[in-house]
Amino acid sequence: DVQLVESGGGSVQVGGSLNLSCIATTGYSFSTYCMAWFRQSPGEEREGIAGSGKSGAIIYADSVKGRFTISKDNAKNTVNLMMNTLKPEDTAMYHCAAVARGRTFVSLLPSHYAYWGQGTQVTVS
């Protein structure tokens, strides 16, 4: 089992930056888990934006590629999302998610993830 808590959200101007953090509490090694960041706006589907697999594989949604960077720190049980050049369309609730899968697994599909945090709100205006 994994408990996830996100932080770092807030209000920022267009073109600004934010760094989101997600800390995991688990009885297993954090390196066991594949991690991802998702976001959801009211009335919209949950969108996978960045994923980090156990082997170090990283994937991004086209909507954030080149602007967002995911980083996983197994020693600190954290996964961060550095967001630069923020746009109004980046406004959403941001969630981190975890799943224990094989070494080559990495995904941006919500249905692939077993554990979710409550989210942190990001507003860009």
Side-chain angles (χ1 to χ4, degrees):
D1 207 7
V2 184
Q3 287 77 50
L4 302 171
V5 178
E6 302 94 337
S7 62
S11 296
V12 64
Q13 291 185 335
V14 172
S17 299
L18 281 174
N19 189 28
L20 306 184
S21 290
C22 171
I23 186 163
T25 302
T26 175
Y28 299 93
S29 170
F30 186 60
S31 62
T32 301
Y33 298 97
C34 306
M35 303 297 297
W37 284 94
F38 293 81
R39 66 186 182 187
Q40 189 168 22
S41 302
E44 300 288 330
E45 301 261 332
R46 187 163 289 191
E47 176 190 16
I49 56 174
S52 177
K54 289 169 61 175
S55 66
I58 290 176
I59 55 173
Y60 295 99
D62 288 343
S63 57
V64 306
K65 201 172 293 183
R67 299 188 299 123
F68 291 10
T69 303
I70 187 171
S71 58
K72 185 172 180 270
D73 189 334
N74 290 329
K76 296 181 179 179
N77 281 25
T78 59
V79 59
N80 295 323
L81 185 69
M82 184 68 208
M83 306 188 296
N84 296 316
T85 319
L86 284 162
K87 305 175 181 179
E89 51 263 43
D90 294 319
T91 295
M93 184 70 78
Y94 283 70
H95 302 266
C96 67
V99 65
R101 293 287 293 269
R103 181 169 176 76
T104 60
F105 176 85
V106 62
S107 172
L108 294 181
L109 292 179
S111 60
H112 286 170
Y113 288 83
Y115 305 101
W116 292 84
Q118 292 298 307
T120 185
Q121 178 68 37
V122 172
T123 302
V124 185
S125 60

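Heavy-atom basis, side chains included; hydrogens, waters and symmetry copies ignored.
- When all heavy atoms are compared, the tightest approach of Tyr115 to Asp1 is CE2-OD1, 3.1 Å.
- Listed by first and then second residue, the ring pair (Phe, Tyr, Trp, His ring centres under 6.0 Å) pairs involving residues 7-36 amount to none (not counting sequence neighbours).
- Here the closest heavy-atom approach between residue Ala36 and residue Ser107 is recorded as CB-O, 4.1 Å.
- In this model, a donor atom of one side chain and an acceptor atom of the other lie less than 3.5 Å apart for Glu47 and Ser63.
- Distance check, rounded to the nearest 0.5 Å: CD of Glu44 to CE of Met93 gives 14.5 Å.
- Considering every non-hydrogen atom in both Gly8 and Thr120, the closest pair reads N-OG1, 4.1 Å.
- Pairs passing the disulfide bond (SG atoms under 2.5 Å apart) check and including a residue from residues 50-81, sequence neighbours excluded, do not occur.
- Residues Thr123 and Val12 fail the side-chain proximity criterion, which asks for heavy atoms closer than 4.5 Å.
- The two atoms that bring Gly9 and Val122 nearest to each other are CA-CG2, 4.2 Å, heavy atoms only.
- Taking Lys65 as the reference, Asp62 meet the side-chain hydrogen bond (donor to acceptor under 3.5 Å, both in side chains) condition, with sequence neighbours excluded.
- If you chain together hydrophobic residues whose side chains sit under 4.5 Å apart, Ile59 and Leu109 never meet in one group.
- Judged as a salt bridge (Lys or Arg N to Asp or Glu O under 4.0 Å), not a single pair has a partner in residues 115-125 (not counting sequence neighbours).
- Contacts classified as ring pair (Phe, Tyr, Trp, His ring centres under 6.0 Å) and involving residues 78-106 (residues at least two apart or in different chains) are given here: Phe105-His112.
- Annotation: side chain of Trp116 is not in contact with side chain of Leu4 (no heavy-atom distance under 4.5 Å).
- Across every non-hydrogen atom of Thr91 and Gln121, the tightest pair is CG2-NE2, 4.0 Å.
- Scanning for side-chain hydrogen bond (donor to acceptor under 3.5 Å, both in side chains) contacts around Asn84 gives Ser17, with sequence neighbours left out.
- When the side chain to side chain contact (heavy atoms under 4.5 Å, CB included) test is applied to Ser29, the partners found at least two apart in sequence or on another chain are Ser31, Thr32.
- The shortest side-chain heavy-atom distance between Arg39 and Val64 falls under the 4.5 Å cut-off.
- Nearest heavy-atom pair, Ala24 versus Val2, reported as atom, atom and distance to 0.1 Å: CB-CG1, 4.0 Å.
- For Lys54, the side-chain hydrogen bond (donor to acceptor under 3.5 Å, both in side chains) test picks out no residue, with sequence neighbours left out.
- Under the 4.5 Å side-chain criterion, counting only non-hydrogen atoms from C-beta, Val14 is in contact with Val124.
- Looking at residues two or more places apart in sequence or on another chain, you find no salt bridge (Lys or Arg N to Asp or Glu O under 4.0 Å) involving Arg103.
- Not counting sequence neighbours, the partners of Tyr113 by the ring pair (Phe, Tyr, Trp, His ring centres under 6.0 Å) test are Phe38.
- Looking at Val79 and Ile70, their side chains come closer than 4.5 Å, going by heavy atoms from C-beta outward.
- Annotation: the span from Gln3 atom CD to Asn77 atom CG amounts to 11.5 Å, rounded to 0.5 Å.
- In this structure a side-chain-to-backbone donor-acceptor pair under 3.5 Å is present from Arg67 to Thr85.
- To the nearest 0.5 angstrom, Leu20 atom CG is 8.5 Å from Glu6 atom CD.
- A 4.5 Å side-chain heavy-atom check between Leu86 and Leu18 finds at least one atom pair inside the cut-off.
- Residues meeting the side-chain hydrogen bond (donor to acceptor under 3.5 Å, both in side chains) test with Thr78, sequence neighbours left out: none.
- Not a single donor-acceptor pair under 3.5 Å links the side chain of Gln40 to the backbone N or O of Ala92.
- Atom CD of Gln13 has 12 or fewer neighbouring heavy atoms from other residues, nucleotides or ligands inside a 6.0 Å radius.
- Between Asn19 and Asn80, the closest side-chain pair of non-hydrogen atoms falls below 4.5 Å.
- To the nearest 0.5 Å, atom OG of residue Ser52 and atom CG of residue Leu81 are 11.0 Å apart.
- Evaluation of the disulfide (SG to SG under 2.5 Å) rule for Cys22 yields Cys96 as partners, not counting sequence neighbours.
- Following chains of ILVMFWY side-chain contacts shorter than 4.5 Å, one cannot reach Ile58 starting from Leu108, and the two form parts of different hydrophobic clusters.
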